[in-house]
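Here's the structure we're looking at; comments come further down.
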Amino acid sequence: MTVTTRFAPSPTGRLHVGNIRTALHNALFARKQGGTFVLRIDDTDAERSTAEFDQAIRDDLDWLGLAPDLVVRQSGRFDLYEREFERLRVAGRVYACYETPEELELRRKVLLGRGLPPVYERQDLTSPALEGRQPHWRFRLDHGAPIEWRDLVRGPQRFDPHLLSDPVVRREDGSWLYLLPSVIDDIDLGVTHVVRGEDHVSNSAVQLQMFAALGANPPALAHEALLVAAEGKLSKRLGSLGVEELRASGLEPMALLSLLARLGTSQPVEAIVELDELAADLDFARFGRAPAHFDLHDVELLNARLLHRLEFADVAERLPDGATEPSWLLLRGNLERLSDFAAWFTVIAGEFEPPELGDDERRLVAKAAEIAPTLDWSAGPWQALAETLKTSTGLKGKALFHPLRLALTGRESGPEMAGLLLAMGQDRAVARLTTAANR
RNA sequence: GGCCCCAUCGUCUAGCGGUCUAGGACGUCGCCCUUUCACGGCGAAAACACGGGUUCGAUCCCCGUUGGGGUCACCA
């Protein structure tokens, strides 16, 4: 069986962390199985859907490295929905309803007030009072037997159809609601696995009956626990971290994906460079069923780790002009964002303002400025410089190295001075020591 | 309110009645490396929500309490 997964966002906003995780797991699973990852733009809601968000979603997926194998749009498939809807109508699985939203809302409140589940109650279709109203349409749930399936992450599931409302599938004006078109598309596209958040479990129960009503085998279902944040819930409808902030913050997509792929699973979270590695050990059975806490700080930590592991070839075209492999290897261990490289590169290949030093530090640096021109740079100047200074000043350890580091790099911390000195060259080093000593 | 999930170190989790003096990962702390710091390496501290059962014996099974999450739309 060829695996097909799908990610089905509506173009009513940008992607966010929760969305991205769903997209990732679908993409990863398809990749692992050598299957197809479909992006289905769920744009049946013409009011809220926009071409801009449609485009942004595809751009964001590309940026993440999760470009789909196929893109389809629900707005282009209405003929298909019409045909299938007609089949269901003729078969009596879809029926006309005439209540107004206000009436339904009132009824819900009454039921809730009585401590009853607010389930839709089927009406007497022959009621004359309904004459002349334009109907909307509901799918008739089969109350005959419990709805059951074996969920890939939640295990055996069982729903009593009496506790579910017949879902509205089509509005008075003929427009579609998501539930039915989604099933029709999953059948038509040969989707074999539906991976989504646990906020969809009861939808799945209903949709399972739709698959049956349409004479199709249902896909395998995997409902993952949602993510929560310290500030609250990160679900798709409430305020959450959007992909635009993520992109703007200069984080590597793989840092985000490394966390999202494994957070809430028993797999250790680590900075992974290749999507294939993430795909290889994706296992729904290893997913926890409790909501996991998402913390952006973890992404930042992973981002640094990831950078420290990246090879020159991985980042070469994103580095400033003149950056070389040795400079990358020297500096990468001190980067938190890739953009940090530029400033560090200036330290070894450009110019910067040395900071002002205290009197003691300035004296030491002045001495260093005298010694530096006399050193044989090719012999590894750092040790010679340190040794000479040590004997002439009696200083050692931090008192000796800290001022030099500050004068030469402008930073409190960084790569080993031996490598930095060599990389920046004698002229640059002498000039910096001299200016720092005279400021 | 009904229904459904969940409850182990700060966080994500392993554990499927004795093997648990409860394992791993991230974070934290310490040590080493660096004649400094960062990177890196090594090590340590750190948890079974509570109350009842069942059992010779409960982290593990049952019930309840408490606490989290989800859902019950003419949104997806």
Side-chain angles (χ1 to χ4, degrees), chain A residues 8-10 12-13 42-45 47-49 97 99-101 104-105 108 111-120 135-138 151 153-155 157-160 162-165 167-173 175-179 181-182 196-203 205 223 225-228 230 233 235-237 259 262-271 286-295 297-298 301-302 304-305 307-308 330-336 382-383 386-387 390 395-406 409 411-418:
Chain A
S10 3
T12 54
D42 280 11
D43 56 353
T44 54
D45 187 343
E47 296 283 297
R48 299 192 302 145
S49 299
C97 297
E99 302 90 338
T100 64
L104 292 170
E105 184 55 35
R108 259 196 299 276
L111 290 172
L112 231 26
R114 277 201 227 144
L116 293 161
V119 176
Y120 174 71
H136 58 278
W137 301 83
R138 286 184 190 260
D151 197 276
V153 348
R154 292 162 65 90
Q157 301 290 298
R158 187 189 180 93
F159 275 82
D160 177 357
H162 295 277
L163 266 23
L164 266 15
S165 298
V168 175
V169 296
R170 200 172 191 183
R171 300 188 181 92
E172 285 86 344
D173 65 2
S175 63
W176 301 100
L177 276 88
Y178 140 91
L179 244 25
S182 176
R196 63 215 307 208
E198 71 174 359
D199 51 338
H200 278 287
V201 281
S202 59
N203 286 337
H223 293 91
L226 301 182
L227 259 22
V228 293
K233 156 173 181 278
S235 96
K236 56 187 170 185
R237 287 172 299 263
L259 178 63
R262 293 176 171 183
L263 179 63
T265 77
S266 59
Q267 224 90 40
V269 172
E270 44 196 19
R286 297 243 222 168
F287 279 55
R289 289 194 271 174
H293 295 80
F294 174 87
D295 188 348
H297 182 59
D298 292 334
L301 258 12
L302 281 169
R305 294 276 187 143
L307 256 17
H308 303 171
L330 175 66
L331 302 174
R332 67 176 177 182
N334 284 269
L335 308 179
E336 287 180 2
W382 179 245
Q383 201 177 356
E387 213 49 59
K390 188 177 169 184
L395 293 171
K396 61 177 181 177
K398 189 163 185 172
L400 176 62
F401 295 104
H402 188 68
L404 294 177
R405 175 177 286 284
L406 223 44
T409 73
R411 309 278 192 113
E412 301 276 346
S413 67
E416 294 205 24
M417 285 306 301

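By convention in this document, chain letters (A, B, ...) are assigned in the order of the sequence lines, proteins followed by strands, and residues within each chain are numbered from 1. Bear in mind the structure is a predicted one, so any value in this text is a computation, not a measurement.
- Using modelled atom types and a 3.5 Å distance limit, the side chains of A:Ser175 and A:Arg171 yield a donor-acceptor pair.
- Judged by Watson-Crick or G-U wobble contacts below 3.5 Å, the nucleotide B:U35 has no partner.
- Straight-line distance from the CZ atom of A:Arg262 to the P atom of B:C26: 12 Å, rounded to whole Å.
- For A:Arg108, counting side-chain heavy atoms from C-beta on, the closest listed nucleotide (B:C12, B:C74, B:G69) is B:C74.
- Rounded to a whole Å, the CD atom of A:Glu412 is 16 Å from the P atom of B:U36.
- B:A7 sits 15 Å from B:G15 when the C1' atoms are compared, rounded to a whole Å.
- With both ends at atom P, the span from B:U54 to B:C60 equals 15 Å, rounded to whole Å.
- Distance from the side chain of A:Leu177 is smallest for B:A76 among the nucleotides B:U71, B:A76, B:G1.
- Checking B:G69, B:G2, B:C74 against the side-chain heavy atoms of A:Glu198 singles out B:G69 as nearest.
- Look at A:His200 and you won't find any side-chain N or O under 4.0 angstrom from OP1 or OP2 of B:G70.
- In this model, no side-chain donor or acceptor of A:Asp45 finds a partner on the base of B:A76 within 3.5 Å.
- With B:G2, B:C4, B:G40 as the candidates, the nucleotide lying closest to the side chain of A:Arg154 is B:C4.
- Although no hydrogens or angles enter the test, the distance criterion places a donor-acceptor pair under 3.5 Å between the side chain of A:Arg289 and the main chain of A:Arg154.
- Neither OP1 nor OP2 of B:U13 sits under 4.0 Å from any side-chain N or O of A:Arg289.
- Between B:C74 and A:Ser175, no contact under 4.0 Å exists linking OP1 or OP2 to a side-chain N or O.
- The side chain of A:Ala292 lies closest to B:C12 when the candidates are B:A76, B:C12, B:C26.
- You'll find that the side chain of A:Asn334 is closest to B:A38, out of B:A38, B:A76, B:C4.
- The base of B:C37 lies close enough to the side chain of A:Arg405 for a donor and an acceptor atom to sit less than 3.5 Å apart.
- Each of B:G1, B:A76, B:G69 was ranked by its minimum atom distance to the side chain of A:Val228; first place goes to B:G69.
- Of the candidates B:C75, B:U71, B:C12, the closest approach to any side-chain atom of A:Arg48 belongs to B:C75.
- Pair check for B:U11 finds B:A25; Watson-Crick or G-U wobble, both atom distances under 3.5 Å.
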Tabulate protein N/O versus nucleotide N/O from nucleotides 59-61 of chain B, keeping only pairs under 3.5 Å, one per line.
none

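- A gap of 32 Å separates the C1' atoms of B:C61 and B:C72, to the nearest Å.
- When both pairing distances are held under 3.5 Å, B:C42 makes a Watson-Crick or G-U pair with B:G30.
- Remark: A:His402 pairs with A:Glu361, A:Lys398, A:Leu406, A:Glu412 by the side-chain contact (heavy atoms from CB on, under 4.5 Å) rule, at least two apart or across chains.
- No side-chain donor-acceptor contact under 3.5 Å links A:His223 to the backbone of A:Asp199.
- Counting only heavy atoms from C-beta on, A:Ser266 has its side chain closest to B:U13 among B:A76, B:U13, B:G70.
- Closest to the side chain of A:Leu104, from the set B:C26, B:A76, B:C74, is B:C74.
- Between A:His293 and the phosphate of B:C12, there is a side-chain N or O to OP1/OP2 separation shorter than 4.0 Å.
- Here, B:A58 and B:A73 have their P atoms 45 Å apart, quoted to the whole Å.
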Problem - Reading 5' to 3' through nucleotides 29-35 of chain B, protein heavy-atom contacts under 4.0 Å coded B for base, S for sugar-phosphate only, - for none - result: -----SB
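- The phosphate of B:C75 (OP1 or OP2) has a side-chain N or O of A:Arg171 nearer than 4.0 angstrom.
- With P as the reference atom, B:C9 and B:G43 are 24 Å apart, rounded to whole Å.
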